[in-house]
Novice: 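My questions all concern the structure below.
Numbering of ligands and ligand atoms starts at 1, following listing order. What you are looking at is a predicted structure, and each value in this text was computed from that prediction instead of being measured.
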Amino acid sequence: MSEAQRIFKSLGLGTRMRKPDFLKNKKPVAETSANTPAQLDFFKIEDNKAERKRKVQQSSDESKKKKLKKEEETKETKENDEEEEKKVILPIALIHLTNTQNEPSEEEENEEEEEDENALSTDDINLIRQENLINVSGEDVPPPITEFSQLSEYNVKQTLINAVGKCGYTQPTPIQMQATTAMLKGREVIGIAPTGSGKTMAFGISLLSNLRQPKKNGFRAVIISPTRELATQIHREINGLAEKTNQKGWKVCLLAKAAQFVPEMARSFNTKYDILVTTPLRLVHMVSTGDLQLSSVEWIIFDEADQLFDASFVKQVDDILGACTSGSLKVCLFSATLSNEVEHIARTVQKNPVKINIGAVNTATSQVDQSLLFVGREEGKILAIRNMIQEGQFKPPVLIFLQSKARALELFHELIYDGINVDIISAERTQQQRDTTVAKFRSGDIWVLITTELMARGMDFKGVELVINFDLPQSITSYIHRVGRTGRAGRRGKAVTFYTETDIAVLKPIAEMMRQSGCKDIPSWLLEKSGKKKKDTEIAPKRKEDCLE
Ligand SMILES: Nc1ncnc2c1ncn2[C@@H]1O[C@H](COP(=O)(O)OP(=O)(O)OP(=O)(O)O)[C@@H](O)[C@H]1O
């Protein structure tokens, strides 16, 4: 058994990891830098391959030297032990038996040599994590994968691995590298990774694999999301993956429409499906009327977990967890942002979770070029948009965030008047209207979408070019999620935040966070500004309903 395997065993991992090809070449090289790259550019891994290969080779060499030294030491100890053993007098038959038992067959020897070559050393694992900005905490955290094909070593069916490929995903993102192996080992996870970095697939793949096959025994996995639009999107993605497995019978249910179920349907409903995607309110309602049972649930995922575990939802979350009565229930949390307070609450419902953090904590994705634009007073905002249009900086699709529905509606009328292909989405519109608007924005029939906080989290509109914070967001957390609607899945995006004279007093936290996420053009006077530290939820000043004066 190799040293690496011994380490794996001692860590209780027991998994035989195949060493990725890029880790196999070992040439003598100098020591590696332990510095973590400042920018998170995980979709561009391929571009960095040569550099990564060099670093990994360096690490592999170091570990090889260490391994050789250890092997020599082990050999010495073994020889001493053998000497000791010979002193014990055994009957000849037993000696023979003992010797043959200890002697590896030729086949075993070859296998060990092969394992030796393929095993990942602790240094290799650390380097993969370092290269992908994966930070982990928790006991016995399994190593990350670097290729989807390695999922087979975690008992994932080939049909599921193929399905991931059919979705067009060739390389796992960092959260997928690490969260999948943890969940596949049956571990509860707290997964924090930037907006647009593929968290949905991270838990989607793991759930489908852990459930093995459709059973029609009632819901075995539940995914909770704060908004109906996001639940619909998650449902589409997981259902799409399930369908591509060609494994007949996977039933993924979206519990979103109030009129979707009548009591007579409840019985079949409780047995027909494997996975449920829902918002918390709807689920609590169905559980309280007895129309839905959660006793078979083995996995529950809270997407946008920080929002679900904050004051506005925590009661419903508590009710839902109370209804999941299975002793083997596993609770996982995913989000791009998580405060210590929320993590503390969440940990009270988790058992020995693995915490995975990708990149810097609570910062906007580095895939977005962020900027601040001074507009003087409120009326300067619409002028700024008109200027951007004239100067060709208003490249659709564009998402514009405002503080209230009334302000959003006013801007909508103004842009319609300018002849822009624009629509508006807010919580007060009917579900039908919301669905139609989202579909039209997705398909490119609408170029500009004006919205409130409703669309800030989770929504994956492919190819959004520009996010405009017409009004400052209410919190840093909201800023991170809003600008994260662009710069997704490896594409770059732009985000412009308007600010007025009144906003200057509260802008510093946003400016600091922008700098942290790699933004260089922040006026230094803004960063130096002193002032009372505001709570995360208290940034934007309350504005008049009328956004143009
Ligand atoms: N391995 C992959 N390779 C390329 N694209 C991927 C991969 N995994 C997921 N994606 C794509 O990346 C996009 C973002 O994924 P997803 O919506 O899961 O992000 P997220 O991390 O949940 O973001 P948010 O925090 O904003 O909710 C989606 O369009 C998805 O199809």
Side-chain angles (χ1 to χ4, degrees), residues 40-46 132-133 144-151 160-161 163-180 189-207 223-227 229-241 244 277 301-308 332-338 356-359 361-368 397 399 401 438 442 453-464 467 477-493 495 517:
L40 184 64
D41 202 1
F42 39 79
F43 281 99
K44 302 249 165 72
I45 280 167
E46 284 301 307
N132 292 286
L133 307 186
I145 49 157
T146 51
E147 307 282 341
F148 283 122
S149 58
Q150 289 165 357
L151 289 173
L160 179 53
I161 298 173
V164 175
K166 285 183 206 164
C167 289
Y169 308 141
T170 48
Q171 198 76 29
T173 64
I175 188 68
Q176 292 166 355
M177 290 174 168
Q178 186 63 80
T180 47
V189 163
I190 299 174
I192 309 157
T195 50
S197 65
K199 293 184 282 292
T200 316
M201 268 296 137
F203 59 75
I205 296 167
S206 314
L207 285 182
I223 303 163
I224 318 261
S225 113
T227 64
E229 280 74 13
L230 186 51
T232 311
Q233 181 183 294
I234 296 170
H235 173 261
R236 207 188 44 215
E237 205 158 331
I238 309 269
N239 205 29
L241 180 67
K244 289 186 180 69
V277 189
I301 312 289
F302 292 98
D303 193 27
E304 308 298 339
D306 52 336
Q307 192 176 3
L308 292 172
C332 293
L333 282 75
F334 286 88
S335 184
T337 49
L338 196 73
I356 304 161
N357 213 105
I358 309 295
V361 187
N362 293 335
T363 42
T365 166
S366 57
Q367 293 294 108
V368 179
L399 254 178
F401 286 97
V438 167
R442 280 195 198 287
E453 221 48 31
L454 181 72
M455 293 284 115
R457 278 182 179 254
M459 294 308 291
D460 184 53
F461 297 115
K462 301 248 180 322
V464 168
V467 165
T477 306
S478 158
Y479 177 87
I480 294 169
H481 288 277
R482 280 183 180 188
V483 304
R485 294 319 97 209
T486 183
R488 301 174 69 78
R491 288 179 62 123
R492 290 205 67 80
S517 56

Novice: Determine whether F148 and Y169 satisfy the following criterion, ring-ring contact (aromatic ring centres under 6.0 Å, His included), listing intermediate values before the conclusion.
Specialist: CA-CA 9 Å; F148 283 122; Y169 308 141; 7.2 Å; no

Novice: Specify the closest pair of heavy atoms between S225 and A231, including all atoms of both residues, with the distance to one decimal.
Specialist: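 Looking at all heavy atoms of both residues, the shortest contact is OG-N, 3.2 Å.
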
Novice: Measure K199 to ligand 1 on non-hydrogen atoms and call it side chain, backbone, both or neither using the 4.0 Å cut-off.
Specialist: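 Within the 4.0 Å criterion, K199 contacts ligand 1 through backbone and side-chain atoms alike.
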
Novice: Sequence neighbours left out, what passes ring-ring contact (aromatic ring centres under 6.0 Å, His included) with F401? Give chain and number order.
Specialist: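 In terms of ring-ring contact (aromatic ring centres under 6.0 Å, His included), with neighbours along the sequence ignored, F401 is linked to no residue.
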
Novice: Could you see which bit of R457 sits under 4.0 Å from ligand 1, with heavy atoms only: side chain, backbone, both or neither?
Specialist: neither

Novice: Of the listed options (M201, Q176, Q171), which comes nearest to atom 8 (N) of ligand 1 when hydrogens are ignored and any heavy atom counts?
Specialist: Q176

Novice: With a cut-off of 4.0 Å, which atoms of ligand 1 are near a heavy atom of A489?
Specialist: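 Near A489, meaning under 4.0 Å from one of its heavy atoms, ligand 1 has 11 (C), 12 (O), 13 (C).
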
Novice: Once rounded to the nearest 0.5 Å, what's the spacing between atom CG of D303 and atom SG of C332?
Specialist: 11.5 Å

Novice: A193 near ligand 1, heavy-atom distance under 4.0 Å?
Specialist: no

Novice: Check whether any N or O atom of Y169, backbone or side chain, sits under 3.5 Å from an N or O atom of ligand 1, and answer yes or no.
Specialist: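 Yes, there is a polar N/O contact under 3.5 Å.
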
Novice: For ligand 1, does K462 get within less than 4.0 Å through its side chain, its backbone, both, or neither, judged by non-hydrogen atoms?
Specialist: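 Near ligand 1, K462 shows its side chain, while the N, CA, C and O stay back.
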
Novice: Using a 4.0 Å heavy-atom cut-off, say whether T200 meets ligand 1 through its side chain, its backbone, both or neither.
Specialist: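 The answer is both.
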
Novice: Please report the interatomic distance CD1(I238) to CD1(I223), rounded to the nearest 0.5 Å.
Specialist: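 Between I238 CD1 and I223 CD1, I get 4.0 Å after rounding to 0.5 Å.
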
Novice: Is Q176 close to V164 at the side-chain level, that is, under 4.5 Å between some pair of heavy atoms?
Specialist: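 No, every pair of side-chain atoms sits at 4.5 Å or beyond.
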
Novice: Let me confirm one number: the CD1-CD distance from I358 to Q178, rounded to the nearest 0.5 Å.
Specialist: 7.5 Å

Novice: Can you confirm whether Q233 sits close enough to T227 that some side-chain heavy atom of one is under 4.5 Å from a side-chain heavy atom of the other?
Specialist: no

Novice: Measure P194 to ligand 1 on non-hydrogen atoms and call it side chain, backbone, both or neither using the 4.0 Å cut-off.
Specialist: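 Contact part for P194 vs ligand 1: backbone (N, CA, C, O).
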
Novice: Under 4.0 angstrom from ligand 1, any heavy atom of G196?
Specialist: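 Yes.
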
Novice: Checking the N or O distance criterion of under 3.5 Å, is ligand 1 in contact with A336?
Specialist: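 So ligand 1 has no N or O lying under 3.5 Å from an N or O of A336.
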
